[in-house]
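In what follows, a single structure is set out as structure tokens and then discussed.
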Protein chains: 2
Amino acid sequence: MTEPDETSMDLEITTHARSKPETRLWLRMLSTTKLISTEIRKRLRAEFGATLPQFDLMAQLYREQEGLRLGELSRRTMVTNGNITGLVERLEADGLVIRETPTDDRRVTVAKLTEAGMTTFSAMAEAHEGWLRDLMGDVSEDMIAALWRDIGRVKTSAASHLSGPAEE
Amino acid sequence: MTEPDETSMDLEITTHARSKPETRLWLRMLSTTKLISTEIRKRLRAEFGATLPQFDLMAQLYREQEGLRLGELSRRTMVTNGNITGLVERLEADGLVIRETPTDDRRVTVAKLTEAGMTTFSAMAEAHEGWLRDLMGDVSEDMIAALWRDIGRVKTSAASHLSGPAEE
DNA sequence: CCCAATCCTTTGACAATTCAAATAACGGTT
DNA sequence: AACCGTTATTTGAATTGTCAAAGGATTGGG
């Protein structure tokens, strides 16, 4: 066997319901996002030969066609700095991204999509959108809207209770 | 800087609202779970020197004190087979888990928690539950229950639209 | 003008991840 | 008992991930 059997995974405590509601919700969020991202990763790979982090990174660059500094990319993708370096290197090797250093601040590296990168990304983005509609096909529009709203609350709550610094 | 700035990440398309509702929801789910799991990983590391996958794996073993076969662990944790091997190896090196091969089927490896593993895990689990209550502190109980229910719908929908085999 | 903070990126060590291919053991059929 | 298909785990190559430390470049204060 080459991968976990998605239908019977049990991150969630199905047999014992003894966890607290927050924990129960968390386990369900985790298993759901894992399920969906595994599927999307699989399709991205099969149809475009791309990885999910590459797709995420390109999505950010597509929205800022003049390019982004690597640190900015790191922030937006929630990927650590060190990781961005290699990610961009590989995309550059594939001809989808170029790196350049502006003359006025030579500490900086700006990454931007090439023409090929833009073309490739827009095809991927369209497919991606369709996959999600497919995967969420049995969920009503109302429920999707409600989830979007309520998950926003969770995110806000979590963001304001982080241990690290970075709040003001 | 050593990590992304959690408060200003932008996996979500905050500026353009042009994405379809399913995509919008997906991006929000992703950024929220990433935000929370980064925080939990950080705390696990700081307070227990453990990683998140290790915690997940131990959680499964804690629920089945007689131990689990590696393939079963793979299914439950949604971690690929190849990955389980190394994960268990490292936990065994730390004395938290032992591996044994039953005599009646020597293809099989069963992993189970050691005494130390059980003690360690229960401390981690308790802390983990508290962290989640903390992080979700601003979300009402009703909303948590509703989210749990509705995310269940999303999960069921996604599970029944997977491309791979594994359905019947 | 220089020195010391500060900012941005890269590097290095290691863990987690996937996938595919290899290895090993079982089980039934002949 | 030798073979075959199946099942269980490991291995190997490549990517992604974190973290900490190091590197280079800029800026501001003395």
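Every chain is numbered from 1, with letters handed out A, B, ... down the list of sequences.
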Problem - Gap between atoms CG and C1', on N81(B) and dA21(C) respectively (whole Å) - result: 13 Å
Practice task
Between R41(A) and V110(A), name the one whose nearest nucleotide on DNA chain C is closer to the 5' end.
Solution key: V110(A)
Exercise for the section: Report the hydrophobic cluster partners of I98(B), with the cluster defined as I, L, V, M, F, W, Y residues connected by side-chain heavy atoms closer than 4.5 angstrom, directly or transitively. Expected result: none
Completion exercise
Among dT18(D), dT10(D), dC19(D), the one nearest any side-chain atom of T85(B) is dT10(D)
Exercise for the section: Could you state the atom-to-atom distance from CE of M78(A) to P of dC19(D) in whole Å? Expected result: 12 Å
Exercise for the section: Just grab all the ring pair (Phe, Tyr, Trp, His ring centres under 6.0 Å) pairs involving residues 49-71 of chain B, residues at least two apart or on different chains. Expected result: F55(B)-F121(B), F55(B)-H128(B), Y62(B)-F121(B)
Handout entry: salt bridge (Lys or Arg N to Asp or Glu O under 4.0 Å) partners of residues 97-106 of chain A, not counting sequence neighbours, each pair once
Key = E92(A)-R99(A), D105(A)-R107(A)
Practice task
Send over the distance from K42(A) NZ to dT17(C) P, rounded to a whole Å.
Solution key: 16 Å
Practice task
Identify, between L70(A) and R45(A), the residue whose nearest nucleotide on DNA chain C lies closer to the 5' end.
Solution key: L70(A)
Problem - Side chain S74(B), main chain L70(B), donor-acceptor under 3.5 Å - result: no
Practice task
Measure from the side-chain N and O atoms of R28(B) to the backbone N and O of W148(A), and report whether any donor-acceptor pair falls under 3.5 Å.
Solution key: yes
Exercise for the section: Grab the CD-C1' distance between E72(B) and dT9(D) for me, whole Å please. Expected result: 15 Å
Practice task
Look only at the side chain of E72(A) and the backbone of R69(A), and say whether a donor-acceptor pair between them is shorter than 3.5 Å.
Solution key: no
Problem - Rounded interatomic separation in angstrom, taking CD from E92(B) and P from dT9(D) - result: 14 Å
Practice task
If a pair satisfies ring pair (Phe, Tyr, Trp, His ring centres under 6.0 Å) and one of its residues is in residues 66-111 of chain B, list it, with sequence neighbours excluded.
Solution key: none
Exercise for the section: Between dT10(C), dC19(D), dC19(C), spot the one nearest the side chain of T80(B), thanks. Expected result: dC19(C)
Completion exercise
Quick note, ring pair (Phe, Tyr, Trp, His ring centres under 6.0 Å) partners involving residues 72-91 of chain B, not counting sequence neighbours, are none
Between the protein and nucleotides 13-15 of chain C, which nitrogen or oxygen pairs are less than 3.5 angstrom apart?
none

Handout entry: d(CD, E89(B); C1', dT9(D)) in whole Å
Key = 11 Å
Practice task
Could you name each residue pair satisfying side chain to side chain donor-acceptor pair (under 3.5 Å) that touches residues 113-125 of chain B, not counting sequence neighbours?
Solution key: none
Listing time: all N or O pairs from protein to nucleotides 25-28 of chain D that are below 3.5 Å?
{"residue": "dT26(D)", "atom": "OP1", "partner": "R106(A)", "partner atom": "N", "Å": "3.1"}

Practice task
Tell me which nucleotide among dG17(D), dT9(D), dC19(C) gets nearest to the side chain of N83(A).
Solution key: dG17(D)
Exercise for the section: Among dC8(C), dT9(D), dC19(C), find the nucleotide with the atom closest to the side chain of R69(B). Expected result: dT9(D)
Problem - Separation of dG17(D) C1' from L44(B) CG (nearest whole Å) - result: 16 Å
Handout entry: Whole-Å gap separating P (dT18(D)) and CZ (R43(B))
Key = 17 Å
N/O donor to acceptor pairs below 3.5 angstrom from side-chain atoms of residues 130-141 of chain B, sequence neighbours left out:
{"residue": "D134(B)", "atom": "OD2", "partner": "R43(B)", "partner atom": "NH1", "Å": "3.4"}
{"residue": "S140(B)", "atom": "OG", "partner": "M143(B)", "partner atom": "N", "Å": "3.1"}

Practice task
May I ask you to say what G82(B) touches in the nucleic acid, namely base, sugar-phosphate or nothing, with a heavy-atom cut-off under 4.0 Å?
Solution key: base
